[in-house]
Amino acid sequence: MESNASEVSLDLFPYLKVYKNGTLERIAGVEVVPPGLDPETNVLSKDIVIIPETGVSARIYVPNLISEDRKLPLVVYFHGGAFCVASPAFPPYHTSLNKLVAEANIIALSVDYRLVPEHPLPTAYEDSWAALQWIASHKDEDGNQEAWIKDYVEFEQVFLAGDSAGGNIAHHLALRIKESNLGQKLKILGIGMIHPYFWGASPIGPELNDRSRKELVDKWWLYVCPTDKGCDDPLINPFVDGESADLAGLACDRILIIVAEKDILKGRGWLYYDKLVKSGWKGKAEIMETEGEDHVFHIFNPDCDNANRLIKRLASFLNQGKLPFQ
């Protein structure tokens, strides 16, 4: 489609445009790269359909020299993109997951949840939840039999991780697990949230002095979740009532929150950390702030020193709970 084929009715910079004739044009996150052996990291990947009923797929990553007698932790990863763009096959995400798997010596499964607007929220959350159920089913004798999960994963060492919207998804899944039977099958050791996408109608932190970016992020959320609650919808603002008691129900032992100094979302990451440590949650909370960087810088500049430090910090977090001889 030519960009000038019709008049733009909504410009959701930098993600997509909506035209008055109803056509949607995604601008960001549209490139894809195939799975396979990455020569730089010696990590092997493949794509599989995990939910046939909906067509939801995932990209699985394993160290190339893995053996069946050495089970490894599993990181279930949820990509960012404001719920409306990108996929595990987007080259920057593929590169980032290869680097993380190589650095941490883990298995990773990156979920290709369905996107807004074709699939309105909470579809992304439901697809991600279904992915966890699919993973857990490998513990059943008559369950799924994907070899890379069945043979290589230590089911007592599962982590949730994600950047931006993916960090938001990880939070909501960890709350849901606590009240479900899924927690009996999967031991969620921790959550890694990189620049998590939380928001609110009332500005805090850096939002107070950057009205234009505040309005931009408002616009993103109101597009992907057009409810009467607006930017105080509980999906995007877990502290809309000023309470943090729900965080005590997070089904994990450790949480790492990573924020970036120049990120407009930084204040929300710090607020989450502060609320978490005061919530009565019994786990260990950690936070890291990267100086001089903006939102998801490590995805788009993966070879810079700060990106390497971020991946090493996340890998260290994942390795704290490894069983002996791993």
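When reading the values below, keep in mind they use all heavy atoms of this one structure, side chains included, and skip hydrogens, waters and symmetry mates.
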Which value, rounded to the nearest 0.5 Å, describes the distance between Leu247 atom CG and Leu175 atom CG?
6.5 Å
Does Trp281 reach the main-chain N or O of Lys275 with its side chain, forming a donor-acceptor pair under 3.5 Å?
no
Walk me through whether Lys99 and Asp303 qualify under salt bridge (charged side-chain N to carboxylate O under 4.0 Å, His left out).
CA-CA 10 Å; Lys99 287 178 176 290; Asp303 295 320; 3.1 Å; yes
Donor-acceptor pair, side chain of Tyr61 and main chain of Ile106, under 3.5 angstrom
no
Compute whether any side-chain donor of one residue and acceptor of the other, for Ser57 and Asp47, lie under 3.5 angstrom apart.
no
Between the side chains of Ser212 and Asp210, does any donor sit under 3.5 Å from an acceptor?
yes
Which residues share a side-chain hydrogen bond (donor to acceptor under 3.5 Å, both in side chains) with Arg268, sequence neighbours left out:
Glu207
Just do the side-chain contact (heavy atoms from CB on, under 4.5 Å) check on Phe78 and Val111 with the steps written out, would you?
CA-CA 6 Å; Phe78 310 101; Val111 181; 3.8 Å; yes
Angle class for the Tyr113/Phe83 ring planes (parallel below 30°, perpendicular above 60°, tilted otherwise)?
tilted
Just say parallel, tilted or perpendicular for the rings of Phe198 and Tyr272, cut-offs at 30° and 60°.
parallel
With Tyr77, the side chain to side chain contact (heavy atoms under 4.5 Å, CB included) member among Val101, Leu109, Asp163
Asp163
Ser128: side-chain hydrogen bond (donor to acceptor under 3.5 Å, both in side chains) partners, not counting sequence neighbours:
none
Decide, yes or no, whether a salt bridge links Lys266 with Glu293 under the criterion of side-chain N to carboxylate O below 4.0 Å.
no
Does either side chain, that of Asp233 or that of Thr227, offer a donor lying less than 3.5 Å from an acceptor on the other one?
yes
Could you measure the distance from the CZ atom of Phe90 to the OG atom of Ser110? Nearest 0.5 Å is fine.
12.5 Å
Is a side-chain N or O of His138 found less than 3.5 angstrom from the main chain of Trp134, in a donor-acceptor match?
yes
Checking the side chain of Trp220 only, and the main-chain atoms of Phe13 only, is there a donor and an acceptor separated by less than 3.5 Å?
yes
Checking Glu261 side chain against Gly292 main chain: does a donor-acceptor pair fall under 3.5 Å?
yes
Lys284 side-chain N/O to Leu256 backbone N/O, donor-acceptor pair under 3.5 Å:
no
Working to the nearest 0.5 angstrom, can you tell me the gap between Ile188 CD1 and Ile255 CD1?
11.5 Å
Give a yes or no answer on whether the side chain of Ser180 reaches the backbone of Ile177 with a donor-acceptor pair at less than 3.5 Å.
yes
Verify, without hydrogens or angle tests, whether Asn168 (side chain) and Tyr197 (backbone) share a donor-acceptor contact under 3.5 angstrom.
yes
Answer with yes or no whether the side chains of Ser164 and His295 bring together a donor and an acceptor at under 3.5 Å.
yes
Rounded to the nearest 0.5 Å, what's the gap from CZ on Arg254 to CG on Leu318? Could you check?
7.5 Å
Salt bridge or not for Glu146 and Lys150, using N-O below 4.0 Å?
no
Interatomic distance, CG@Leu160 vs CG@Leu74, rounded to 0.5 Å, equals 9.0 Å
Straight-line distance of Ile50 CD1 to Ile149 CD1, nearest 0.5 Å:
9.0 Å
Salt bridge check: are Arg176 and Glu126 linked by an N-O gap of less than 4.0 Å?
yes
